[in-house]
Amino acid sequence: MSKEIEITLLPGGEKLTASSGASVSEILGKPAAGQSWVAAKLDGQLVDLSKKVEQDASLEAITKDSPEAIEILRHSAAHIMAQAVKSIFPEARVAIGPAIENGFYYDFDVERPFTQEDLEKIEERMREIVSRKLAFSRRDLPREEAMSVFSAMGEKYKVELLEQFSDPTVSIYQQGDFVDLCRGPHIPQTGLLRAFKLTSVAGAYWRGDEHNPMLQRIYGTAFFDVESLKKYLTFLEEAQKRDHRRLGKELDLFSFSDEIGAGMVIYHPKGAIIRHILENFEKREHLLRGYQLVIGPTLLKTDLWKRSGHFDHYRENMYFTEIDGQSYGVKPMNCLSHMLIYKSKMRSYRDLPLRYFELGTVHRHEKSGVLHGLLRVRQFTQDDAHILCTPDQLNDEIKSIIDFVSEVMSIFGFDFEIEISTRPENSIGSDEDWERATAALTRALEEKGFHYFVCEGEGAFYGPKIDIKLKDALDRRWQCATIQCDFTLPERFDLTYIGPDGGRHRPVMVHRVILGALERFLGVLIEHYAGAFPVWLAPVQAMIVTVTDSQLDFARAVCTELRGRGVRAEVDLRSEKLGYKIREAQKHKVPYMLVIGDKEVQGGAVAPRKRDGTQLDLMTSLQFADLVERECLESSKGRVGLNIV
RNA sequence: GCCGGCGUAGCUCAGUGGCAGAGCAGCUGAUUCGUAAUCAGCAGGUCGCGGGUUCAAAUCCCAUCGCCGGCUCCA
């Protein structure tokens, strides 16, 4: 006879009694109509519905609307996929298969890579497994026993995982004839997987290490209902439409050329004007904040890169050239000439902080497989600055950089995430310096009240850093702004200042960028606005379209007048119908179309149409220029009006 | 760099061993039209580049450059 236990049902707090050893689903009872239990939280731990409850506990049901539910479903979908793969390809060895942000994957070791046809077959087999409503059953067993189970099945990757576990007991899950090592929990039975799709297949190294064998990874996604799956697939299609590579072509912003080389951006006129606007905006924002503009060379002697540590730690990413028997490195970073400017004369504590700003073009030989449109290139220009300050000033400097970043990002309307990256393996400098620098960054973020994530071991080789990540159309995060503390370069270059005590002291150096690489920022910006730039950034602000050719002279005069006021205006000269020209301007996402027919010529006016279709009243071209100027100032939060270049 | 896919007109793509195609864009002509596509004609190609197999290669093979999806790495 079993004893009674007390269960506290969350979130309500309702108490009930059950007999010890009852399963979670027995305790929870039948769900309301149209709802079903997916799993549960027992004393805060996620468990299966079949979990036996032995003592007093709190219990919270996980339904498909719970935030944890989708992850459980996707993880179970990965198991079902592995079961399907094993039944079609019995020789396949399974590795790992977790849920990820928008779906799941599973890695397999197979003789030949999967094809698109294979994916269809696997999906078909998964549907069969789902329709059989197989139970997921859990078994706990000693680690050694699990090792012999998996080694008997020839699942060497599972055995390797088990070898590294420290727990004496592990759990395995079985549905049908498929057994997998897994912590769980899972959905109660395969029938809950109603909406899923296998999306792609790709190579992936075992345990993410490039020295390990390459496995075949199948990606998929899953939802509780078909509508959500459809919505997600539609989102992917929409995201493709705002892919900056596609819009870059459609809007004639930039291109790449295999004759020039991979990862080198060619800015077309419309892309170049956006970059000019960004650059001028940046120069002004930096001057306002006490930065000084500097310009350094692209080629620096290799000896200098040896002294800085770049040659030892960054050589494989650098381009080198030799002239007159002298070796030079193409700069991958802008800091060295900034340090030499600092060193060019004696500095007093009264001079500090010194903030050197450079729109610095750098080259980094990124591996060919990582290049990605504007988001990952080999030549790029950073809005780079190096701040040299006393250790006492460090905290204030970092805080004002954080303010700078958040003001600028709010102008563009970006949300961002903050990460702190700590000391990596391949690094220079003393433990003490690393600790001081890491503490300085952390303290500044905490004083500013920002939430942040910690990335252990992901700092630069010379110091820890704060990274700011913006999201692209596919919700992928891209690092743009970064703030890096550096105690080691001032040491290596023997930078000093004279303190109030008359003695020499070592300044601290902060490397930082706000937009990051202008190329990457432009890429993220294109996706962020889906190509419809706000007026202050739009390459063409007004497209003048005439009803017939007879208004062309007036249209040209309007265009000249607008350009005189600094408006970026163009005339569509083609003998096409008005509707056609409107459509063209609309496709190019021009913010304003100025319609000119006989009525406008007689009234000496233009009829503006916004790209959202809104029709404005007739106005003179000068009134229109004022309107554009107001809108520029409004959309740039007062930073940029007309006459920007 | 690694695994897989792909490269045909300015763009989007069809063509899988036997005459290189379509739509859009471009040009010319006609049309002069009021807010998302007027009509007709013309022109446009080293089928990424280089080798090879074959009577014959856009198509099959090798190599190379580039692109795409991932892995690893990073602004």
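Scope of the values below: all heavy atoms of this structure, side chains included, with no hydrogens, waters or symmetry mates. A, B, ... follow the sequence lines: proteins, then strands. Residue 1 opens every chain.
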Which listed nucleotide ([options]) is nearest to the side chain of [X]?
X        : options                : value
A:Phe380 : B:rC67, B:rU38, B:rA75 : B:rA75
A:Leu578 : B:rC71, B:rG1, B:rG34  : B:rG34
A:Thr482 : B:rG34, B:rG69, B:rA75 : B:rA75
A:Lys249 : B:rA36, B:rA75, B:rU12 : B:rU12
A:Arg574 : B:rA25, B:rG69, B:rC71 : B:rA25
A:Pro113 : B:rG66, B:rG4, B:rA25  : B:rG4
A:Val370 : B:rG34, B:rG66, B:rC71 : B:rC71
A:Thr548 : B:rG1, B:rU32, B:rC65  : B:rU32
A:Arg583 : B:rA36, B:rA75, B:rU35 : B:rA36

Donor-acceptor pair present, [X] side chain and [N] base, under 3.5 Å:
X        : N      : result
A:Arg376 : B:rC73 : yes
A:Tyr205 : B:rG70 : no
A:Glu366 : B:rG1  : no

So what does [X] touch, heavy atoms closer than 4.0 Å: a base, only the sugar-phosphate, or nothing?
X        : result
A:Glu259 : nothing
A:Val513 : nothing
A:Arg245 : sugar-phosphate
A:Gly579 : sugar-phosphate
A:Gln615 : base
A:Ser575 : base

Margin query: We want to know whether A:Arg423 and A:Thr438 form a side-chain donor-acceptor pair, criterion being a heavy-atom distance below 3.5 angstrom.
Written below: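 Distance-only check fails for A:Arg423 and A:Thr438.
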Under 4.0 Å: is that the gap between some side-chain N or O of [X] and OP1 or OP2 of [N]?
X        : N      : result
A:Arg207 : B:rC71 : no
A:His365 : B:rC74 : no
A:Gln586 : B:rA36 : no

Notebook entry, point to check: Planes under 30° and centres closer than 5.5 Å, is that true for A:Tyr219 with the base of B:rG70?
Noted result: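 No.
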